[in-house]
Amino acid sequence: MLSSASATDRRCLAERTQPECRPGHGRPGPPRATDDDRYSVYSYSPNADNDCHDDRTQQTAKTVHEGLNDSGDLVESTTYPYNRQGRMSQTLVDEDGDGEQDTKCTLTSSVRQA
């Protein structure tokens, strides 16, 4: 029913050749990536602490890609290994995405003996 159509709809019915009347007008297109966009993926290991529970609470990796999804170039990759006690033991960082480890931080803790 044309009487309930909006003013824009009525104009478009009468003027099909106008760009603003073409299908999809006014709808946002797919997002476009800029040079500043980054897509980060955080990984959590099942049973990372080897306690037979699938708790997925310990972060094991982070990867950062250029753009809006993981198909962009790898910018940075970080892995977090854990020791047998389920404690984070190191942080391994590839800061430039070339596949080679650039930074390694080894974590130590002092434990008091009872």
Side-chain angles (χ1 to χ4, degrees):
M1 233 174 121
L2 287 177
S3 61
S4 64
S6 71
T8 302
D9 292 337
R10 285 193 297 273
R11 188 179 76 242
C12 288
L13 288 172
E15 304 171 4
R16 288 277 182 202
T17 60
Q18 299 298 319
E20 66 270 12
C21 298
R22 293 189 182 132
H25 170 70
R27 295 182 189 153
R32 294 185 181 173
T34 67
D35 291 340
D36 297 327
D37 286 323
R38 297 291 182 261
Y39 181 81
S40 299
V41 178
Y42 299 88
S43 301
Y44 295 84
S45 175
N47 196 26
D49 54 5
N50 297 316
D51 66 355
C52 300
H53 298 284
D54 188 12
D55 46 16
R56 298 182 189 269
T57 58
Q58 293 179 308
Q59 184 176 350
T60 56
K62 175 186 173 186
T63 55
V64 180
H65 297 266
E66 287 183 353
L68 300 175
N69 56 40
D70 62 357
S71 65
D73 291 338
L74 183 64
V75 175
E76 180 180 312
S77 177
T78 306
T79 55
Y80 307 100
Y82 290 81
N83 63 21
R84 290 182 185 178
Q85 296 172 326
R87 296 184 179 135
M88 186 184 298
S89 60
Q90 296 177 341
T91 301
L92 308 172
V93 182
D94 173 10
E95 296 172 341
D96 52 13
D98 65 356
E100 294 183 23
Q101 172 187 316
D102 298 317
T103 306
K104 176 181 178 179
C105 299
T106 302
L107 308 172
T108 59
S109 63
S110 58
V111 178
R112 291 184 179 178
Q113 297 292 326

Looking only at heavy atoms, the pair that brings Val64 and Leu74 closest together is O-CD1, 3.5 Å
Taken to the nearest 0.5 Å, the spacing of Gln59 CD from Thr79 OG1 works out to 10.5 Å
- Candidate pair Thr34 and Asp36, rule side chain to side chain donor-acceptor pair (under 3.5 Å), full reasoning: CA-CA 5 Å; Thr34 67; Asp36 297 327; 4.8 Å; no
When rounded to the nearest 0.5 Å, the distance separating CG of Leu92 from OG1 of Thr78 is 9.0 Å
Does the side-chain contact (heavy atoms from CB on, under 4.5 Å) test come out yes or no for Gln101 and Asp94, once each step is laid out? CA-CA 5 Å; Gln101 172 187 316; Asp94 173 10; 5.8 Å; no
One should read off an interatomic distance between Asp102 CG and Ser77 OG, to the nearest 0.5 angstrom, of 10.0 Å
Separation between CZ (Arg38) and CD (Glu76), nearest 0.5 Å, reads 10.0 Å
* Asked: For Tyr80 and Gln90, what are the C-alpha separation, side-chain angles and deciding distance, and is it a side-chain contact (heavy atoms from CB on, under 4.5 Å)?
  -> CA-CA 6 Å; Tyr80 307 100; Gln90 296 177 341; over 6 Å; no
Between the OH atom in Tyr39 and the CG atom in Leu68, the distance rounded to the nearest 0.5 Å is 10.0 Å
Heavy-atom nearest pair, His65 first then Val75, reads C-CG2, 3.9 Å
Given side-chain contact (heavy atoms from CB on, under 4.5 Å), test Asp35 with Asp37 step by step and report yes or no. CA-CA 6 Å; Asp35 291 340; Asp37 286 323; over 6 Å; no
Q: Step by step, work out the side-chain contact (heavy atoms from CB on, under 4.5 Å) result for Tyr82 and Arg87.
A: CA-CA 5 Å; Tyr82 290 81; Arg87 296 184 179 135; 5.6 Å; no
